[in-house]
Amino acid sequence: MSAQLSPIDAAKSIAAKFAVQFVEDGMRVGLGTGSTSAWMIRYLGERIKDDGLDIVCVPSSQRTAELAEGAGIRLSRLDDVKWLDVTIDGADEYDGELTLIKGGGGALLQEKIIATASDRMIVIADHSKEVGHLGAAPLPIEVVPFGLQTTRAMVEAVLEGMDVLGWEAAVRRVDGSPFTTDAGNHILDLHLNRIGDPRRLALALNQVPGVVENGLFIDICDVVVAGHGDGRVEVTDLENGTISEALMDVEQASNIFANL
Ligand SMILES: O=C[C@H](O)[C@H](O)[C@H](O)COP(=O)(O)O
């Protein structure tokens, strides 16, 4: 008997499996970070091994680089490939315009760079990440270590003038110490509850000295592949203006899980 995936993990797995079908020979591919991206990396590795798929990939984090190397994926640096055909990545939330909150895993800076330097960004997620209004999930922002608490106070002052329902900026900590990103910075998690105007907020946050980047991805994502625990995937494609549905094999995802 195969090990059972939870419905959420099955949803992530089938979204990832569906999305790797978009990757073609010769492509330069950006690899996201997080648990859904980890599935995508496994499936890309399979396509390379089984179908001889010939691609070069740019990882968005050290963690992703290690996973990709383990999956037999050829890696390069963004400055060497210069531009990417597609980036596939997860998200913490997405709305109807495919505006995203990202950075739950702390990789938002490199993720935003590679997604922006791509012809196409495809988000893979379990369907629970879809929201009417962004902001139930904390919005991460990356800040430099110098003057961390002063930057935090300046960010909270900016939040007071914004269309949000919460104003707390909390330093993300691991074992009591500030979490450090791959770029050597820290993360502030903004607890906003509801973001009325993501565009205005993103611009205002990036004006604060010490803020390197925010986790709002606006006009960057082109396609969302959302998985459901029962095997359905919903594909929202902004370029074509279409929403389509497909059925994937959840049992197969569970078998892969059992063999990990
Ligand atoms: O920094 C991390 C990323 O933005 C992730 O893509 C995001 O947090 C979603 O992660 P997961 O796929 O684990 O839900």
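When a ligand or atom number is given, it counts from 1 through the structure's own listing order.
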Evaluation steps, side-chain hydrogen bond (donor to acceptor under 3.5 Å, both in side chains), between Asn185 and Glu142: CA-CA 6 Å; Asn185 296 314; Glu142 181 151 345; 2.9 Å; yes
Gap between atom CD1 of Ile114 and atom CG of Leu31 - 0.5 Å precision: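 Reported value, rounded in 0.5 Å steps: 6.5 Å.
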Nearest-0.5 Å distance, OG of residue Ser118 to CD1 of residue Ile88: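 Nearest 0.5 Å value for the OG-CD1 distance: 10.0 Å.
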Cluster link Leu84 to Leu67, ILVMFWY, side chain under 4.5 Å: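 They do not share one cluster, since no chain of ILVMFWY contacts under 4.5 Å joins Leu84 to Leu67.
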Donor on one side chain, acceptor on other, Asp89 and Thr87, under 3.5 Å: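 No, Thr87 and Asp89 have no side-chain donor paired with an acceptor closer than 3.5 Å.
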Steps toward salt bridge (charged side-chain N to carboxylate O under 4.0 Å, His left out) verdict (Asp237, Arg120): CA-CA 11 Å; Asp237 187 328; Arg120 214 167 174 219; 3.6 Å; yes
Ligand 1: protein residues within heavy-atom distance under 4.0 Å: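 For ligand 1, the residues that come within the 4.0 Å heavy-atom cutoff are Thr33, Gly34, Ser35, Thr36, Asp89, Gly90, Ala91, Asp92, Lys102, Gly103, Gly104, Gly105, Gly106, Ala107, Glu111, Lys129.
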